[in-house]
Student: 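Have a look at the structure that comes next, please.
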Amino acid sequence: MLKRQLPRYLPSAEELPDSDETPVDNELQELIPGLLKAILLILWAERMDWFFGIDMGIYYDPDQPAIVPDAFLSLGVERFYDEELRPSYVLWDENVVPTLVLEVVSPTYRKEYSQKLADYQELGILYYVIYSSRRRRKPHLEVHKLVDGKYELQSGNPIWMPEIGLGMGCERGNYSGVTREWLYWYDAEGKRYLTPEEKVKDADQRASQEAQRASQEAQRADRLAQRLRELGIDPDI
């Protein structure tokens with residue numbers, strides 16, 4: 001819940017800028033969050049109590065500019081308001097602080113490990129995720145969890161987040177025709193959830209296997225019927 005003291009009269013989301021006009025530095029800043037959202041849309045298709053924003057402003061004070069993470073996840077909010085959708089995420093309207101924020105480090109360093117970490121900590125965001133595939137000596141993925149008001153770096157890959165009911169990790173795969181390391185969601189046993197493309201391919205393979213089994217059963221039935229006829233037995237009786 002939002003605990004910050006705010007003025008009595010506050011602007012709505014429609015009255016606030018819905019963009020900081022700053023373009024993303026890198027296509028991965030769109031694709032990596034986009035993949036995570038695409039998987040969630042399958043996993044939580046029946047749930048209407050979550051929202052995943054990409055490159056969307058989070059307003060925490062009417063007198064301050066919005067914070068714009070590469071992505072964020074909020075739980076316990078309406079997934080859709082109406083057909084116009086959300087222009088931005090306004091904390092005094094939502095009254096729910098995002099549970100997780102994600103920053104994808106681009107070639108232009110934007111204080112992900114310093115000022116943004118402090119900002120998200122002050123807002124009370126439970127999980128702060130930083131991903132940088134350019135790191136050489138340190139893990140590409142960092143998940144910081146808010147413990148007693150301070151972020152603590154979590155260890156492992158994937159990292160389980162019980163408050164969300166999902167884990168997050170990185171591994172090589174293919175998305176949008178690009179083979180590289182991507183971020184994915186995982187279950188409690190560390191099994192990766194499939195992407196939409198993988199789900200389609202898996203369903204096609206299952207259908208093909210089922211059709212093959214049905215064909216084999218039909219062939220066995222035909223052979224048995226033929227054998228019975230050779231023995232003078234009518235298989236249709």
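Along the sequence shown, residues are numbered consecutively beginning with 1.
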Student: Using modelled atom types and a 3.5 Å cut-off, is there a donor and acceptor pairing between side-chain atoms of Arg180 and backbone atoms of Val178?
Tutor: no
Student: Could you tell me if Arg79 sits above the aromatic ring of Phe51, with its cationic atom closer than 6.0 Å to the ring centre and no more than 45 degrees from the axis?
Tutor: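 Judged by the rule (NZ or CZ under 6.0 Å from the ring centre, within 45° of its axis), Arg79 is not positioned above Phe51.
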Student: Please determine, by modelled atom types, if Thr195 and Tyr175 share a side-chain donor-acceptor pair under 3.5 angstrom.
Tutor: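 Tyr175 and Thr195 do not have a side-chain donor-acceptor pair below 3.5 Å.
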Student: Between Lys111 and Glu103, is there a side-chain N and carboxylate O pair less than 4.0 Å apart?
Tutor: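 Looking at Lys111 and Glu103, the cut-off is not met.
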Student: Mark yes or no for whether Lys37, through its side chain, and Phe52, through its backbone, hold a donor-acceptor pair below 3.5 Å.
Tutor: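 Yes: the side chain of Lys37 pairs with the backbone of Phe52.
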Student: For Glu198 and Tyr193, which I'm curious about, is there any donor-acceptor pair between the side chains at under 3.5 Å?
Tutor: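 Side-chain D/A pair, Glu198 to Tyr193: absent.
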Student: Check whether any side-chain N or O of His144 sits under 3.5 Å from a backbone N or O of Leu117 as a donor-acceptor pair, and report yes or no.
Tutor: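 Flag not set: sc His144 to bb Leu117 has no pair under 3.5 Å.
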Student: Does the side chain of Glu142 come under 3.5 Å of the side chain of Tyr113 through a donor N or O and an acceptor N or O?
Tutor: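 No pair is found: no donor N or O on one side chain lies under 3.5 Å from an acceptor on the other.
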Student: Whether the side chain of Gln121 engages the backbone of Tyr151 through a donor-acceptor N/O pair (distance < 3.5 Å, no angle test) should be reported.
Tutor: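 Present.
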Student: Can a donor-acceptor pair be found, under 3.5 Å and without considering hydrogens, that links the side chain of Glu171 to the backbone of Gly169?
Tutor: no
Student: Can you see whether Tyr131 engages Glu181 through a side-chain donor-acceptor pair at a distance of less than 3.5 angstrom?
Tutor: yes
Student: Between Gln115 and Tyr120, does the side-chain hydrogen bond (donor to acceptor under 3.5 Å, both in side chains) criterion hold? Intermediate values first, please.
Tutor: CA-CA 9 Å; Gln115 186 59 53; Tyr120 295 138; over 6 Å; no
Student: Do any N or O atoms from the side chain of Tyr128 and from the backbone of Glu112 form a donor-acceptor pair under 3.5 angstrom?
Tutor: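 Yes; judged by distance alone, with no hydrogens or angles, the pair exists.
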